[in-house]
K.L.:
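Below you'll find the structure I mean.
Given the structure is predicted, the values throughout are model-derived calculations rather than measurements. All residue numbers in this chain count up from 1 along the given sequence. Both counts, for ligands and for their atoms, begin at 1 and track the order of listing.
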Amino acid sequence: MNIDLRGLTPAPVTPFTRDGRVDYEAIQRLGSWLGSIDGVKGLVVLGHAGEGTFLTQEEQANVIRAFVKSVDGKLPVIAGITGEGTEVAALEAKRAVAAGASAGLLYPSHGWLRFGYQDGAPQDRYRTVYEESGLPLILFQYPDVTKATYNLKTLLEISAQPGVFAMKNGVRNMRRWDTEIPVIRRERPDLQILSCHDEYLLHTAFDVDGFLVGYGTIAPEPLIEMIKAGKAGDYVKARQLHDRLLPVTKSVYHRGSHMEGTVALKHALVARGILEHATVRSPLLPLENGAEKEIHDAMRAAELGPVR
Ligand SMILES: N[C@@H](CC=O)C(=O)O
């Protein structure tokens with residue numbers, strides 16, 4: 001397995017037409033732009049930012065194909081795998097393989113968010129999905145405030161399993177981050193560790209191989225610089241980038257709910273000249289009056305203008 005995500009892996013949105021269909025021309029514009037940027041290592045499609053669970057199975061496969069085409073096969077396209085049951089997730093992973101995905105980002109089973117999980121169930125989910133589909137997998141660590149978060153033992157066991165090559169960590173508990181990441185790094189030296197703390201990237205930049213974030217879709221250039229600064233241990237540079245981006249971070253990610261970030265990302269992509277409008281699918285709703293202007297002002301302040 002040779003998928004190198006040590007850099008920026010954006011999780012793009014899925015563009016829609018104004019009447020709510022998947023907009024494949026806009027996927028081509030978005031994917032080809034992201035794929036042209038040095039330092040972008042792959043794309044994770046059908047994630048939260050990609051409204052992946054709001055699409056039909058046929059649309060999911062078509063979106064994977066469209067993003068693979070948009071990057072001309074030069075970057076790995078990684079598919080969010082979200083099915084609740086393990087067998088359902090394995091079938092989803094097989095469809096992703098057939099559509100051209102190079103890897104999968106395997107989500108926890110949704111019911112675990114509320115009820116928690118039996119000891120060993122996450123390990124079994126990763127094992128089964130990989131064995132049945134052959135799709136290399138990224139371990140997805142959910143926030144500590146949810147019952148779907150994995151404790152350190154579970155993280156270490158999953159990451160030792162065949163097929164698991166990277167971890168997207170969004171634990172959002174800095175005590176756990178600061179104490180668990182060094183242990184995982186020591187025990188699993190080959191595991192690629194990627195932060196998905198869109199709203200806390202500065203803190204995590206010094207410990208990771210890269211970022212796997214929706215944020216990477218709208219601000220790839222400064223985030224690639226921040227990753228480099230983090231790897232160089234250059235706090236001053238990383239802080240400058242953080243400060244430059246703060247208006248954008250606030251207008252996109254410091255909203256009432258992280259889900260709104262997806263709508264905000266689409267407005268920000270309008271500011272970048274990639275999308276023409278910010279149409280989303282239910283259960284997402286348009287943002288409140290004034291939000292669009294706030295996002296455009298923030299993008300301008302962060303010098304993230306149109307790219308074409
Ligand atoms: N960045 C968010 C949403 C992505 O899937 C996270 O931390 O999980």
K.L.:
Quick one: sort the Tyr117 and Trp112 rings into parallel, tilted or perpendicular, breaks at 30° and 60°.
P.N.:
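Rings of Tyr117 and Trp112: tilted, 30 to 60°.
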K.L.:
Between Cys196 and ligand 1, is there a nitrogen or oxygen pair with a distance under 3.5 Å?
P.N.:
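Cys196 vs ligand 1: N/O contact under 3.5 Å present.
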K.L.:
Considering only protein heavy atoms, which is closest to atom 4 (C) of ligand 1, and at what distance to one decimal place?
P.N.:
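The answer is Lys168 NZ, 3.2 Å.
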K.L.:
Between Val71 and Gly35, what is the shortest heavy-atom contact and its length?
P.N.:
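Answer, listing the atom of Val71 first, then Gly35: CG1-CA, 4.2 Å.
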K.L.:
Should one rank His197, His258, Glu199 by closest heavy-atom distance to atom 3 (C) of ligand 1, which comes out on top?
P.N.:
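It is His258 whose heavy atom sits nearest to atom 3 (C) of ligand 1.
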K.L.:
Which heavy atom of the protein is the closest neighbour of atom 7 (O) of ligand 1, given with residue, atom name and distance?
P.N.:
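Going by distance alone, atom 7 (O) of ligand 1 is nearest to Arg172 NH1, 2.6 Å.
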K.L.:
Keeping the roles fixed (side chain from Arg172, backbone from Val145), state whether a donor-acceptor pair exists under 3.5 Å.
P.N.:
no
K.L.:
To check you understand the geometry: which heavy-atom pair defines the closest contact between Ile3 and Pro76, and what is its length?
P.N.:
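Nearest heavy atoms, Ile3 then Pro76: CG2-CG, 4.0 Å.
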K.L.:
Quick one: which of Tyr253, Phe140, Tyr107, Phe211 has a heavy atom closest to atom 8 (O) of ligand 1?
P.N.:
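Minimum heavy-atom distance to atom 8 (O) of ligand 1 goes to Phe140.
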K.L.:
Show the atoms of ligand 1 that are less than 4.0 angstrom away from any heavy atom in His48.
P.N.:
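This gives 3 (C), 4 (C), 5 (O) as the contact atoms.
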K.L.:
Which heavy atom of the protein is the closest neighbour of atom 1 (N) of ligand 1, given with residue, atom name and distance?
P.N.:
Asp198 OD1, 2.5 Å
K.L.:
Take the angle between the ring planes of His48 and Tyr142 and call it parallel below 30°, perpendicular above 60°, tilted in between.
P.N.:
tilted
K.L.:
Are Asp207 and Ile193 packed together at the side-chain level, in the sense that at least one heavy-atom pair is separated by less than 4.5 angstrom?
P.N.:
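Result no, sub-4.5 Å side-chain heavy-atom pair not found.
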